[in-house]
Protein chains: 2
Amino acid sequence: MTKSTPRWLEPDELAAWLANSAIMISLPAALDARMQRESGMTFFEYMVLSVLSEEPERTMRMSDLAGRTAASLSRLSHVAGRLEARGLLTRARVPGSGRRTNATLTEAGYAEVVAAAPGHVAAVREYLIDDLDRDDLKALRRIGSAVEAAIKRSPAL
Amino acid sequence: MTKSTPRWLEPDELAAWLANSAIMISLPAALDARMQRESGMTFFEYMVLSVLSEEPERTMRMSDLAGRTAASLSRLSHVAGRLEARGLLTRARVPGSGRRTNATLTEAGYAEVVAAAPGHVAAVREYLIDDLDRDDLKALRRIGSAVEAAIKRSPAL
DNA sequence: CCCCTCTTGTTGACGCATCAAGTTCGAGCG
DNA sequence: CGCTCGAACTTGATGCGTCAACAAGAGGGG
C-alpha cells in the first residue's frame with residue numbers, strides 16, 4: 001500500500017481504452033458465436049486444428065501447441081481430450097523423451113479445418129480486416145506486439 | 001454453399017490478424033487474472049460496478065447496464081445475482097413500468113470499486129496504454145469503432 | 001374486455017476455463 | 001545406484017457464460 005494516487009486515464013487514453021473494449025469483448029464473442037453456428041466448433045478449437053494443419057506431419061508437441069494458441073497446458077489438454085473423442089486428432093507419447101506428447105491431426109480433423117476455414121476467414125474479414133486501411137493494419141500490428149511484450153514482461157506478481 | 005473460394009488473408013492482413021489475437025486473447029486473460037488476484041473480483045464484475053458508480057444515484061436499468069457492459073441480459077442477471085448476494089448492489093423493480101428493474105450500487109459496492117480502481121488503471125496502463133504513442137491511440141480508437149460497427153451491422157444470420 | 005404479442009428479466013442445464021493436485025518421466029548428483 | 005528435482009502433461013472440482021425456456025407486466029387491436 002505504498003502506492004501514491006494513480007495516474008488516471010486522460011480523455012484520449014480513455015477513448016482508446018473504451019474502443020479497445022470492443023475488440024477485447026465483442027469481437028471474440030462474435031467470432032465464437034459464428035464459428036459455433038457455422039462449423040459447430042469453438043473458435044479456440046478451430047485455432048488448435050488450424051495450427052496443427054499447417055505443421056509438417058500435422059503434428060506438434062502439446063506444449064508448443066499451447067504456446068502457439070496462447071493457452072494454458074491444462075486448457076489445451078481438456079480441449080485435446082474432447083477433440084480426440086470426436087476423432088479429430090490423436091495423441092501419442094514421444095518415447096524416450098520425458099513426458100512429451102505429440103498431437104496429430106487425423107484425416108477427419110483435417111477435413112473439418114478445411115471445411116471451416118472459408119467461414120472463418122470471411123468472419124475475420126467482415127468483423128475486422130476489411131474495415132481497416134493499410135495504416136490501420138500496421139498500427140494494429142504494432143499494438144498487438146506491444147501488448148504481447150507487455151504481458152510477457154509481467155509473468156509473476 | 002454457393003460460395004466461391006474465399007479471399008484468403010494477404011501477408012500484411014495475416015500479420016495484423018495474428019497481432020490482434022494477442023489483444024483479443026491474452027489481454028483479457030491477463031487483466032482478468034490480475035483483477036482476480038488483486039481485488040478478488042472479475043474484470044466483468046468490475047466493469048459493472050464501475051459503470052454503476054458513475055451514474056447519478058449509482059443506479060441504472062438492467063437493460064442499459066447490459067448494453068454499457070456489452071453483455072447479454074442473461075449474463076448480467078447472473079452476475080447481478082452474485083453481486084447482490086455479496087451485498088455490493090441491490091435490485092428493485094420499477095413500479096408501473098413493465099418488468100423494468102433498477103440495479104443500485106450499495107455503499108459496500110462503492111467502496112469496492114474505489115479500492116479496485118487504482119489497480120485496474122495501473123493494469124490497463126501497463127498492458128496497453130503506456131506502450132502506445134498518440135498515433136497508436138488514435139488508430140486503436142478507429143479500429144475499435146470499426147469493429148463495433150461491423151458487429152452491429154450483422155446482428156442475425 | 002380479452003387475447004396477442006412485445007418487452008424485460010430470471011432461471012436451469014450444460015459446456016468450457018481455471019486452478020490446484022496429482023502423475024510420470026528424465027536428469028543431475030552425491 | 002538411489003534420491004530428489006523439475007519438466008510435461010492430466011485430472012477433478014468449482015465457477016462463470018450461454019442458450020433456451022419461462023415469467024410477468026403493458027399495450028393494442030378486434
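Naming convention: chains lettered A, B, ... in sequence-line order (proteins, then strands); numbering from 1 in each chain.
Residue pairs meeting the salt bridge (charged side-chain N to carboxylate O under 4.0 Å, His left out) criterion with at least one member in residues 92-111 of chain B, sequence neighbours excluded, are B:Arg58-B:Glu107.
Cation-pi geometry between B:Arg34 and B:Phe43 is not met at under 6.0 angstrom from the ring centre and within 45 degrees of the axis.
The closest side-chain heavy-atom distance from B:Glu54 to B:Met60 is not below 4.5 Å. Using a 4.5 Å heavy-atom cutoff, the side chains of B:Asp131 and A:Arg153 are in contact.
Taking a 4.0 Å limit (strictly below) on heavy-atom distances, residues 80-92 of chain A reaches DNA chain C at A:Arg82. Of the residues in residues 66-74 of chain B, those placing a heavy atom less than 4.0 Å from an atom of DNA chain C are B:Leu73, B:Ser74, in numerical order.
A:Leu76 places its CG atom 13 Å from the P atom of D:dT11, with the value rounded to the nearest Å. Atom CE of B:Met35 and atom P of D:dC16 are 14 Å apart (whole Å). Taking atom CZ of A:Arg37 as the reference point, atom P of D:dT18 lies 14 Å away to the nearest angstrom. As a whole-Å value, the separation of B:Glu45 CD from D:dG15 P is 12 Å. Atom CG of A:Asp32 is separated from atom C1' of C:dG15 by 12 Å (rounded to the nearest Å). Here C:dG15 presents its C1' atom at 9 Å from CD of A:Gln36, a figure rounded to the nearest Å. Taking atom CZ of B:Arg93 as the reference point, atom C1' of C:dT8 lies 9 Å away to the nearest angstrom. Straight-line distance from the CZ atom of B:Phe44 to the P atom of D:dC16: 12 Å, rounded to whole Å.
With DNA chain D read from its 5' end, the first of the two nearest nucleotides for A:His78 and A:Ala29 is the one closest to A:His78. The nearest heavy atom of DNA chain D to A:Thr101 and to B:Arg75 marks one nucleotide each, and the one closer to the 5' end goes with A:Thr101.
Residue A:Ser97 places none of its side-chain N or O atoms closer than 4.0 Å to OP1 or OP2 of C:dC25.
The residue from A:Ile143, A:Leu132, A:Leu140 that alone fulfils the side chain to side chain contact (heavy atoms under 4.5 Å, CB included) condition with B:Asn20 is A:Leu140.
Here the nucleotide nearest the side chain of A:Met62, chosen from D:dG25, C:dC16, D:dT10, is D:dT10. Nearest nucleotide to the B:Arg61 side chain, out of C:dT8, D:dT11, C:dA17: C:dT8.
No donor-acceptor pair under 3.5 Å is formed between the side chain of A:Arg141 and the backbone N or O of B:Leu18. Formation of a donor-acceptor pair under 3.5 Å by the B:Thr42 side chain with backbone atoms of B:Glu45 is not found in this model.
B:Leu27 approaches B:Ile23 most closely through the heavy-atom pair CB-O, 3.3 Å.
Aromatic ring orientation, A:His120 versus A:Tyr46: tilted (interplanar angle from 30° to 60°).
The base of C:dT23 sits within donor-acceptor range of the side chain of A:Arg99, with an N or O pair under 3.5 Å.
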